[in-house]
Amino acid sequence: MTTIAAARMEWIKLRSLRSTWWTLAVTVAGTVGIGLAVGLNSKDAAADLTNNALAGVVPGLLLTGVLGVLTMTSEYSSGTIRATLAVVPRRGVVLAAKAAVFGVVTLIVGEVAAFTAFLAAATTVRHGITAPALSDPGVLRAVMLSGAAFCLIGLLGLGLGAIIRHSAAAVGVLVAGVYVVVQVIGFFAHSAAAYMPILILENSLSTTRPVTCGASCPDFLSAWAGLGMLSLYAVIALVAGGWLLARRDA
Amino acid sequence: MIEAQNLTRRYGRTVAVDSLSFDVRPGSVTGFLGPNGSGKSTTMRLILGLDRPDAGQVRVGGRRYRELRWPLREVGAMLEAKAFHPGRSARSHLAALAAGNAIPRTRVDEVLDLVGLTSAAGRRAGKFSLGMGQRLGVAAALLGDPAVLLLDEPVNGLDPEGVRWIRNLLTSLAAQGRTVFVSSHLISEMALTAERLVVIGRGRLLANTTVAELSAGAASLEAAFFRLTGDSVEYAAKETTS
């Protein structure tokens, strides 16, 4: 009962900020816009059009990730966290309720973005290319798992927000972890590259067929292993954030 | 009823609250007085479980705050003037808190009306004046119709009309049989509002008495307060924490 009430509180808090809806709207619009551009400009019939149609997921993730960070850190910067903890003194419940509400919202929005981006590309392809269909092998899986990535990176951001508590620092760590580290890893530790969030998205989740580029590529994770890896990152951040939240003064 | 027993809290090498024991009883306004940095806010935070004590404990209505199932229905608190998100409306802020403790939605409009914020309830709270922010804080504290109320410096930054409003509100809440615990560094204000006093300095209890008793032996309550806290002020000036 108390957990359900805590989730209702978090839902009201999330939906009552205009910035939530603006961020989610831009996430969908950006992802779909890129899908549309891919559809209109595709000329290579041999390419994985589904993977290309989902290219907008990469920048889109940044928005749900940052929204996740801010969902937590704005409570600290505004002082709302003390009101929140006065309502729900069991701190693990607070973070669990936040994660559940935020996770469901970003999963729905992420799936809408991914499916709409795919359909935008599939319905606008020209140049005699055959449009991919959701019933084609691996396509439905690629679109669904890409949509789920919005939710998982969002939850990673939420966990980082709980760990770090300051907006700018937490956003910095998120961007570094998701977008920057991969550049460095790519040079120095080739086999680890397969575990980087962005490469998991591009080469494991959003592909309809295994990515191979010879000796210059690491062995990428399968789609489901990639999903598990991203989930693990989110879980680690949330568990660490919850542990710290319960331990620290508010 | 608030019962603190040997409450102790250190921050690094500074002892903010030092073996503090006191009871706050229902039915009257109890002022919580002390110089700046004497540990009033820390004590309030310990009561609400926001900070953990290093030793001792504090109970509200016989239980620790963290053990309360629906805390807002038993304890209402206003610790800082602006504990709300600037982008959220007053109504949404209160609706969220109410939902978190299964308090009926209709209660939100009741408390908004009670603090005189009904017409501003839909506006972003970030645009509120300090006085309106304080009123929103009081509304949040009253949301669960609690038997115990904690207010940290509620008259800070209020205009005379606002000060009188808080004063009347606190006395009427106490007259309804509630426990009302109000911290302040304004002695004159406490002389007007409070019946009982808990006085601390350097985190230690200096007096737990009535306003009448404390001022009896001195020219005024203010004179009695300075006599009581003289030592701690000097100390606080050198090693103040907050």
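Naming: A, B, ... by sequence-line order, numbering from 1 per chain.
A side-chain N or O of Tyr11(B) and one of Asp51(B) form a donor-acceptor pair less than 3.5 Å apart. Residues Thr84(A) and Lys13(A) bring a donor and an acceptor atom of their side chains to less than 3.5 Å of each other.
No other option in Arg18(A), Arg90(A), Met1(A) has as many heavy-atom pairs under 4.5 Å with chain B as Arg18(A). Chain B forms the most heavy-atom pairs under 4.5 Å with one residue out of Ala7(A), Ser77(A), Ser78(A), Ser74(A), and that residue is Ser78(A). Listed options Arg82(A), Glu10(A), Arg8(A) were ranked by heavy-atom pairs under 4.5 angstrom with chain B; first place goes to Arg82(A). Most heavy-atom pairs under 4.5 Å with chain B, from the set Thr2(A), Asp249(A), Thr80(A), Leu85(A): that is Asp249(A). Top candidate by heavy-atom pairs under 4.5 Å with chain A, chosen from Lys82(B), Arg124(B), Arg52(B), Arg69(B), is Arg124(B).
Among all heavy-atom pairs drawn from Ser38(B) and Gly201(B), the shortest one is CB-CA, 4.0 Å. Residue Leu205(A) comes nearest to Ala149(A) through the heavy atom pair CD1-CB, 4.0 Å, listed as atom of the first residue, atom of the second, then distance.
Cation-pi contact between Arg91(A) and Trp243(A): absent, since separation from the ring centre below 6.0 Å together with deviation from the ring axis within 45° is not met.
Within the 4.5 angstrom heavy-atom criterion, no atom of Arg15(A) approaches chain B. Residue contact with chain A, scored on non-hydrogen atoms closer than 4.5 Å, is absent for Arg91(B). Interface residue Leu50(B): backbone and side-chain heavy atoms are both found under 4.5 Å from chain A. For chain A, no part of Arg73(B) is nearby; none of its heavy atoms comes within less than 4.5 Å. Only the side chain of Arg9(B) comes within contact range of chain A, with at least one heavy atom under 4.5 Å from a heavy atom of that chain. Interface residue Leu97(B): backbone and side-chain heavy atoms are both found under 4.5 Å from chain A.
With hydrogens and angles ignored, the 3.5 Å screen pairs a side-chain donor or acceptor of Asn101(B) with a backbone N or O of Leu72(B).
Between Pro71(B) and Pro89(A), some side-chain heavy-atom pair lies under the 4.5 Å cut-off.
Under the 30°/60° scheme for interplanar angles, the aromatic rings of Phe22(B) and Phe32(B) are found to be tilted.
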